Amino acid sequence: EIKGNQKFSDNLTEVIAAKADNEKFWIHEQLTVEMDNRTRGLQLYRNTCSACHGAVGKGIEGLAPPLDKSDYITGPIETLTLVLLHGLKGPITVSGTPYQFNAQMPGIGVNKDISDQDIADLTAYIKNAFGKSGRGASPELVKSLRDKRPKDGSYTEEELNAVIKK
């Protein structure tokens, strides 16, 4: 018995008894949750984007701008999709604040392991997590934007705005 916490002690005794009888106790069961596009997008975000943009999308000073409520996220889905596919470089303005970084954001569209569906899922997660809400890109839109390549590898803000016609 654990002094001062009878309920905890009773629960622990129950778990130990269930284990001794080779029974599964609720605490040992793993529930499976059906994956949707935002859940798959979250996994991609954590593996691909969060190192620079941070787990909660606040950005990392000197490395990457914030995503949270950024006009790149709340704006047209084509903007976000083109940036993910082809990357972004140079001075940029995010929600009225200018940023200049030494490095450029690489596009993930060249990674053969990341499909159009993966990028669509990533846009759905980012739009919902860091925007007001919204739908992500369709895999068909992602496929159609793969060919809208910038002239020098990654988009500048000016080139991106011209493609989106802001």
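The shown structure was predicted, so the numbers you read here are calculated from the model rather than taken from an experiment.
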I'd like to check [X] versus [Y] (side-chain heavy atoms, cut-off strictly below 4.5 Å). Are they in contact?
X	Y	result
Tyr72	Val83	yes
Glu157	Leu160	no
Phe130	Thr74	no
Ile92	Pro65	yes

By ring-ring contact (aromatic ring centres under 6.0 Å, His included) - contacts of His86 (at least two apart):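 ring-ring contact (aromatic ring centres under 6.0 Å, His included) check on His86 returns Tyr155.
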Nearest-0.5 Å distance, OG of residue Ser138 to CD1 of residue Ile77: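 Reported to 0.5 Å precision, the distance equals 9.0 Å.
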Ile60: hydrophobic cluster co-members (side-chain, 4.5 Å):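 Other cluster members: Leu63.
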side-chain hydrogen bond (donor to acceptor under 3.5 Å, both in side chains) contacts in which one or both residues fall within residues 88-110, not counting sequence neighbours: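 Matches after skipping sequence neighbours: Gln104-Ser154.
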Pairs flagged by side-chain hydrogen bond (donor to acceptor under 3.5 Å, both in side chains) wherever residues 41-60 is involved - sequence neighbours left out: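 Qualifying pairs: Lys58-Asp68.
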Considering only distance and modelled atom types, tabulate donor-acceptor pairs under 3.5 Å from the side chains of residues 119-127, sequence neighbours left out.
unit_1 : atom_1 : unit_2 : atom_2 : d
Asp121 : OD1    : Gln117 : NE2    : 2.7
Asp121 : OD2    : Arg40  : NE     : 2.8
Thr123 : OG1    : Ala120 : O      : 2.7
Thr123 : OG1    : Ala137 : N      : 2.8
Lys127 : NZ     : Ile73  : O      : 2.7
Lys127 : NZ     : Gly75  : O      : 2.8

All side-chain hydrogen bond (donor to acceptor under 3.5 Å, both in side chains) counterparts of Glu78, not counting sequence neighbours: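 In terms of side-chain hydrogen bond (donor to acceptor under 3.5 Å, both in side chains), with neighbours along the sequence ignored, Glu78 is linked to no residue.
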Sequence-distant partners of Asp118, salt bridge (charged side-chain N to carboxylate O under 4.0 Å, His left out), two or more places apart: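 For Asp118, no residue satisfies salt bridge (charged side-chain N to carboxylate O under 4.0 Å, His left out) once neighbours in sequence are set aside.
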hydrophobic_cluster_shared for Leu88 and Ile164, side chain cutoff 4.5 Å: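 Cluster IDs for Ile164 and Leu88 match.
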Transitive ILVMFWY side-chain link Val56 to Leu67, under 4.5 Å: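 Val56 and Leu67: separate clusters.
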Where at least one partner belongs to residues 100-117, residue pairs that pass salt bridge (charged side-chain N to carboxylate O under 4.0 Å, His left out), sequence neighbours excluded: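 Every pair satisfying salt bridge (charged side-chain N to carboxylate O under 4.0 Å, His left out) with a residue in residues 100-117: Asp116-Arg146.
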Residues which pass side chain to side chain contact (heavy atoms under 4.5 Å, CB included) with Ser144, listed by chain and number, not counting sequence neighbours: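 With sequence neighbours excluded, Ser144 shows a side chain to side chain contact (heavy atoms under 4.5 Å, CB included) to Leu141, given in chain and number order.
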